[in-house]
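One structure is given below, encoded as structure tokens.
Computed from a predicted structure; not experimentally measured. Reckoned from all heavy atoms, side chains included, excluding hydrogens, waters and symmetry mates. Just so we're on the same page: letters track the sequence lines, and every chain starts at 1.
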Amino acid sequence: MSDLRVRFAPSPTGYLHIGGARTALFNYLLARKEQGTFILRIEDTDVERSTQESVDAILQAMDWLGLSYDEGPFYQSERFDLYKQKVQQLLDEGKAYKCYCSADELDAKREAAKERGDKPQYDETCRDIEARSDDAPYVIRFKSQRDGVTSFKDRIKGTITFNNQELDDMIIQRSDGTPTYNFVVVVDDAEMGLTQVIRGDDHVNNTPRQIQIYQALGYAIPEFAHVPMILGADKKRLSKRHGATSVMAYRDMGYLPEALVNYLVRLGWSFGDEEIFSMDDLIEKFSLDNVGKSAGVFNPEKLLWLNEHYIKTGDPQRLSDLLQEYLVKNGVSVATDIDIVEVVKTLQDRSKTMLDMAEKAAFYFADELDYDEKAKNKFITAEQKTAFEVLLAQLKSCPFTPDGVEAAFKVVLEETGLKFGKVGQPTRVALSGGTSAPGIFEVMLVLGRERCVCRLEAALQMIG
RNA sequence: GCGCUCAUCGUCUAGCUUGGUCCAGGACACCGCCCUUUCACGGCGGCGACAGGGGUUCGAAUCCCCUUGGGCGUACCA
């Protein structure tokens, strides 16, 4: 166990999205690689917007991705006493003050500043006034250092410097007594002993003000690593209009978690020319050194390619369990006389998602085949009558093994004098209902004698 | 507007620290060929980028400056 301590700190105001999952993943990988500690903290100081449903959704998504944590989940809503105490400390030391300006006043001033073309900042009206003794509502503001600069060395972006004039006195406690994000994040990151703060790029602007709070509270400053954002195809911040952004939506669409993990980690991180990484590979190879500085565009095609890869190479046994779930979801009742592991084996090379596989597998289980109209008209015709009859007779008696069915087929070719192609495709339609399916022998073996006979008879009946 | 930041094929990226081995490598997508009982898989090949302009240098994708473009922030949200 090393002393490295990192965290993922989502705000429970919705499901876990792609971007959050990636920062969680980076933290997780680093913790596992360095044998450090990965902490999960729920940032629910905004009581209005936080929900238990969101917490559950986030936990479920992390579990699905395989991101286990060592400590937590800690809820900020249960730590208000600690924050109160820290706010009081700053107040006592004159590093924070009560501000009686109303939200409306503040809004008006902000608007006015914008109109003038000035940077909207708090004008410090209450900075040096006496605290009132009446019960007028107030917020508590942090007294920023306004001279000089604040800079820090970002692990992935390098040194970043801010002029302290940019930092106005921010609110650390709302008028309802609850603390705000920029304050609690510092208290918690410090109290939880984090050595590195790995988070989204959208937080770099918060970092200098947070550093000032670390200093005011006498805390050691952790190392910061800001990972670039994920953008949509139009280079705008990834959002719902770009498609699914929820991690669990990808499960519903039939994606494997290892595909999402692999995709997400390669978006912004690289390891030479390698593209395929298992979680174990990543724990061994991941490093903040190879994380790029620029934002990346989310590319659904590449994710799909990885998903195909993991389906192709996945363990059939495991995949068969998953396939059953998707079949059920599609309303297909799974027949017990069919070996689903074998079904998976026939479909692994031709499925893009598990949902896709479920759709392609449906014909195996159908009691009555749903024929593709065009295929039926073209291939289930009088021309095939003899071939079907011979095949039917053979199938009723031949050994139902790879060699057996192939021999049966050979007999058909010999007796009819037809080429394989002439018999194969019609047979495929008769057995599967369509023109694209796994190899004809594989299909017969998975279907079993009884179903093959039944479907061939049905085809013969259609021919009349 | 102001602040921070980023900039190699359409996209993800290697290369940039220690200029020459890069007329820039890999992957996805796309196109073609091969394999083939359908559909796929697979194999082989092709298309395709150093944002622009100045420097520095014998030599720049690599160093410096400017321009342009993008992202993020600018809340009693996180």
Side-chain angles (χ1 to χ4, degrees), chain A residues 9-13 43-46 48-50 76 99 101-103 106-107 110 113-121 137-141 154 157-158 160-163 165-168 170-182 184-185 199-208 226 228-229 231 233-237 263 266-276 290 292-306 308 312 347-352 360 375 379 409 419-429 432 434-441 443:
Chain A
S11 168
T13 53
E43 310 232 311
D44 56 354
T45 52
D46 185 343
E48 294 292 307
R49 301 201 304 155
S50 302
Q76 292 187 321
C99 167
C101 300
S102 73
L106 261 17
D107 284 344
R110 191 162 29 241
K114 271 188 177 170
E115 302 240 326
R116 287 195 307 271
D118 290 345
K119 190 177 176 79
Q121 288 197 328
Y138 63 86
V139 298
I140 296 176
R141 287 182 185 271
D154 189 276
K157 292 187 179 285
I160 300 178
T161 304
F162 287 82
N163 198 314
Q165 283 160 9
E166 298 299 324
L167 314 176
D168 61 353
M170 66 170 169
I171 293 170
I172 58 176
Q173 182 177 298
R174 303 182 184 92
S175 49
D176 66 1
T178 59
T180 59
Y181 168 75
N182 275 304
V184 297
V185 74
R199 64 198 347 177
D201 193 326
D202 47 343
H203 286 291
V204 297
N205 294 284
N206 292 325
T207 308
H226 288 99
M229 302 273 85
L231 274 25
D234 57 359
K235 304 264 185 182
K236 299 289 181 204
R237 189 188 191 132
Y263 177 72
R266 268 292 283 111
L267 214 189
W269 173 83
S270 61
F271 193 81
D273 284 343
E274 293 182 38
E275 294 289 348
I276 306 296
N290 305 314
K293 299 189 201 187
S294 46
V297 173
F298 183 77
N299 183 341
E301 272 86 36
K302 187 153 185 182
L303 169 57
L304 188 60
W305 172 73
L306 281 164
E308 291 176 51
K312 219 176 301 171
L347 260 14
Q348 274 182 293
D349 279 349
R350 20 173 74 75
S351 304
K352 292 176 185 298
K360 288 183 161 73
F379 294 107
F409 218 84
K419 295 250 192 205
F420 192 105
K422 279 283 177 193
V423 185
Q425 198 64 336
T427 306
R428 177 170 288 107
V429 176
S432 76
T435 51
S436 65
I440 196 72
F441 300 134
V443 169

Sticking with atom [atom1], work out how far [N] lies from [M], rounded to a whole angstrom.
N      : M      : atom1 : result
B/rC9  : B/rA27 : C1'   : 12 Å
B/rG45 : B/rC63 : P     : 33 Å
B/rC16 : B/rC2  : C1'   : 31 Å
B/rC41 : B/rC31 : P     : 12 Å
B/rC6  : B/rU13 : P     : 15 Å
B/rC65 : B/rA7  : P     : 14 Å
B/rC28 : B/rG71 : P     : 29 Å
B/rC47 : B/rG26 : C1'   : 16 Å

In whole angstroms, how far is the [atom2] atom of [N] from the [atom1] atom of [X]?
X        : N      : atom1 : atom2 : answer
A/Asn290 : B/rA27 : CG    : P     : 19 Å
A/His203 : B/rC77 : NE2   : C1'   : 11 Å
A/Asp234 : B/rG70 : CG    : C1'   : 11 Å
A/Lys236 : B/rG69 : NZ    : P     : 12 Å
A/Phe420 : B/rU37 : CZ    : C1'   : 4 Å
A/Gln173 : B/rA78 : CD    : P     : 13 Å
A/His226 : B/rG71 : NE2   : P     : 20 Å
A/Asp273 : B/rC12 : CG    : C1'   : 12 Å

With respect to the side chain of [X], which nucleotide from [options] is positioned closest?
X        : options                : result
A/Thr180 : B/rC77, B/rA29, B/rC72 : B/rC77
A/Pro120 : B/rC12, B/rG1, B/rA78  : B/rG1
A/Arg266 : B/rC12, B/rC76, B/rA78 : B/rC12

*Indicate the atoms forming the closest heavy-atom contact of A/Lys157 with A/Ile160, along with that distance.*
CB-CD1, 4.1 Å
*So, does the side chain of A/Asp107 form a donor-acceptor pair with the base of B/rA75 at under 3.5 Å?*
no
*Check if the side chain of A/Glu275 and the base of B/rG26 share a donor-acceptor pair of N or O atoms closer than 3.5 Å.*
yes
_A/Asp168: side-chain hydrogen bond (donor to acceptor under 3.5 Å, both in side chains) partners, not counting sequence neighbours_ = A/Arg209
*Can you list the residues that meet the side-chain hydrogen bond (donor to acceptor under 3.5 Å, both in side chains) rule with A/Arg266, with sequence neighbours excluded?*
A/Glu275
When we call it a touch if two heavy atoms are under 4.0 Å apart, what does [X] touch: a base, just sugar-phosphate, or nothing?
X        : value
A/Thr45  : sugar-phosphate
A/Arg237 : sugar-phosphate
A/Asp176 : nothing
A/Cys101 : base

Once you apply the 3.5 Å cut-off to both distances, tell me the Watson-Crick or G-U wobble partner of [N], or none.
N      : value
B/rU57 : none
B/rC39 : none
B/rU62 : none
B/rG73 : B/rC2
B/rA27 : B/rU11

_Can you see whether A/Arg174 engages A/Thr178 through a side-chain donor-acceptor pair at a distance of less than 3.5 angstrom?_
yes
*Polar side chain donor-acceptor pair, A/Asp201 to A/His226, under 3.5 angstrom*: no
*Sequence-distant partners of A/Lys114, side chain to side chain contact (heavy atoms under 4.5 Å, CB included), two or more places apart*: A/Pro120
_Using a 4.0 Å heavy-atom cut-off to protein, can you give one letter per nucleotide of nucleotides 38-45 of chain B, 5' to 3': B if the base is in contact, S if only the sugar-phosphate is, - if neither?_
BBBSS---
*Assign a letter to each nucleotide of nucleotides 2-11 of chain B from its 5' end: B, base within under 4.0 Å of a protein heavy atom; S, sugar-phosphate only; -, no contact.*
BBSSSS---B
Test salt bridge (Lys or Arg N to Asp or Glu O under 4.0 Å) applied to [X] - qualifying residues, sequence neighbours left out:
X        : answer
A/Asp44  : none
A/Lys360 : A/Asp356
A/Arg141 : none

*Assigned glycosidic conformation for B/rC12 [threshold 90° from 0]*: anti
Can you see if the side chain of [X] gets near the phosphate of [N] - specifically, an N or O under 4.0 Å from OP1 or OP2?
X        : N      : result
A/Arg110 : B/rA75 : yes
A/Ser175 : B/rC76 : no
A/Lys419 : B/rU37 : no

_Donor-acceptor pair, distance only, cut-off 3.5 Å: does the side chain of A/Ser432 make one with the backbone of A/Gly434?_
yes
*Under the ring-ring contact (aromatic ring centres under 6.0 Å, His included) test, which residues partner A/Phe298, sequence neighbours left out?*
A/Tyr263
